[in-house]
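In what follows, chains carry the letters A, B, and so on, assigned in the order in which the sequence lines appear, proteins first and then strands, with residues in each chain numbered from 1.
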Amino acid sequence: MKQYWLMKSEPDEFSIDALCKVGREPWSGVRNYQARNFMMTDMKVGDGILFYHSNCTVPGVTGLAEVASPAYPDPTQFLPRSDYFDAASKPDQPRWWLVDVGFKRKFKRTVSLDEMRAQADALGDFALLRRGNRLSVLPVTAAQYKHILTLE
DNA sequence: GCCAACGTTGGC
DNA sequence: GCCAACGTTGGC
């Protein structure tokens, strides 16, 4: 059963255009257990992803991607020079896991957070719209995914 | 740059 | 196990 997800990225760090260019990217750097668990245990190759730009002028969904690999340990946790280094994580029992994300397409226009808020009735309970939500990887229902596509 | 919300850490 | 302190996220 195909599932759907929303994954946030700061466009200054890694935008939908950057993903388009490289085609596929290991989603490294997630250091939140809830977000990790989604990648580690729930995501399956081929799952759909809404690519979301955060911390920018117009936050919102800017394109589509897909889960392109099974989960594997995030290599950056073992790199002492990395911002994402985690001294407490041991290679025989990695703490942080990720999946590769593959580019599908860029939206013609951004479906903004404002627009999605305005569609709260149609979208129903949506983790992205919950107050104070800071999760960078979150589940989306098939109905929500479909509805957001109609807003493009 | 501000700040509310929230997760994590560590002392007790 | 509680909770204050602290760090981070992310909208504005």
Side-chain angles (χ1 to χ4, degrees), chain A residues 3-22 25-43 47-67 71-141 143-145 147-152:
Chain A
Q3 298 186 89
Y4 298 91
W5 309 93
L6 181 144
M7 296 174 86
K8 298 179 183 174
S9 186
E10 302 191 13
D12 288 349
E13 297 296 321
F14 191 75
S15 66
I16 188 73
D17 291 324
L19 183 61
C20 178
K21 197 175 260 181
V22 297
E25 180 77 2
W27 209 252
S28 57
V30 170
R31 293 296 180 265
N32 169 283
Y33 287 105
Q34 226 182 322
R36 179 208 66 176
N37 291 344
F38 288 137
M39 291 197 288
M40 187 175 71
T41 62
D42 298 330
M43 283 189 182
D47 279 1
I49 297 169
L50 298 170
F51 194 98
Y52 180 93
H53 281 181
S54 66
N55 240 315
C56 55
T57 316
V58 183
V61 177
T62 55
L64 301 181
E66 65 185 345
V67 176
Y72 60 97
D74 181 343
T76 63
Q77 70 196 303
F78 303 123
L79 304 175
R81 292 249 192 69
S82 168
D83 287 345
Y84 304 121
F85 179 62
D86 183 348
S89 182
K90 299 298 162 209
D92 58 337
Q93 205 170 359
R95 180 179 289 184
W96 304 112
W97 292 66
L98 53 68
V99 297
D100 286 354
V101 169
F103 178 77
K104 281 186 81 176
R105 69 180 177 85
K106 182 182 176 178
F107 279 180
K108 293 185 286 288
R109 53 179 292 279
T110 299
V111 176
S112 71
L113 180 60
D114 278 350
E115 289 170 86
M116 289 187 279
R117 283 220 182 92
Q119 299 284 321
D121 286 347
L123 290 171
D125 185 29
F126 189 10
L128 181 74
L129 303 180
R130 281 183 211 139
R131 198 176 68 115
N133 169 66
R134 300 184 312 166
L135 261 188
S136 63
V137 176
L138 51 96
V140 178
T141 67
Q144 288 162 346
Y145 184 89
H147 188 73
I148 286 166
L149 288 187
T150 69
L151 303 176
E152 181 189 354

Identify all side-chain donor-acceptor contacts of residues 54-67 of chain A below 3.5 Å with residues at least two apart in sequence or on another chain.
residue	atom	partner	partner atom	Å
Asn55(A)	ND2	Glu10(A)	OE2	3.3
Thr62(A)	OG1	Phe51(A)	O	3.4
Thr62(A)	OG1	His53(A)	NE2	3.4

* To do: Using atom CG of Asn133(A) as one end and atom C1' of dA4(B) as the other, report the distance to the nearest whole Å.
  => 13 Å
* Asked: Between dT8(C) atom P and Tyr33(A) atom OH, what is the distance in whole Å?
  -> 15 Å
* Specify the separation, in whole Å, of atom CD of Glu13(A) and atom C1' of dT8(C). => 14 Å
* Asked: Is any side-chain nitrogen or oxygen of Arg131(A) closer than 4.0 Å to OP1 or OP2 of dA4(B)?
  -> no
* **4.5 Å side-chain heavy-atom contact, Phe14(A) and Leu19(A)** => yes
* Rounded distance (Å) that lies between atom P of dT9(B) and atom CG of Asp86(A) -> 9 Å
* Structure fact -> When Asn55(A) and Gly132(A) are each assigned the nearest nucleotide of DNA chain B, the 5'-most assignment goes to Asn55(A)
* **Length of the line joining Arg134(A):CZ and dA4(B):P, which is rounded to integer Å** => 14 Å
* To do: Give one of base, sugar-phosphate or nothing for Arg31(A), where a contact means two heavy atoms less than 4.0 Å apart.
  => nothing
* **Integer-rounded Å distance: dA5(B) C1' and Leu138(A) CG** => 16 Å
* **Residues Arg31(A), Asp74(A): salt bridge by 4.0 Å N-O rule** => yes
* Structure fact -> Rounded to whole Å, CG of Leu128(A) lies from C1' of dC6(B) at a distance of 16 Å
* Is any side-chain N or O of Tyr52(A) closer than 4.0 Å to OP1 or OP2 of dG11(C)? -> yes
* Kindly say if Arg117(A) contacts the phosphate of dC12(C), meaning a side-chain N or O under 4.0 Å from OP1 or OP2. => yes
* Does a nitrogen or oxygen in the side chain of Lys8(A) sit under 4.0 Å from OP1 or OP2 of dT9(C)? -> no
* **Pair Trp96(A)-Tyr33(A), ring pair (Phe, Tyr, Trp, His ring centres under 6.0 Å): steps then yes or no** => CA-CA 8 Å; Trp96(A) 304 112; Tyr33(A) 287 105; 4.7 Å; yes
* To do: State, yes or no, whether a side-chain contact exists between Leu138(A) and Asn133(A) at a heavy-atom distance under 4.5 Å.
  => yes
* **Length of the line joining Arg130(A):CZ and dG10(C):C1', which is rounded to integer Å** => 17 Å
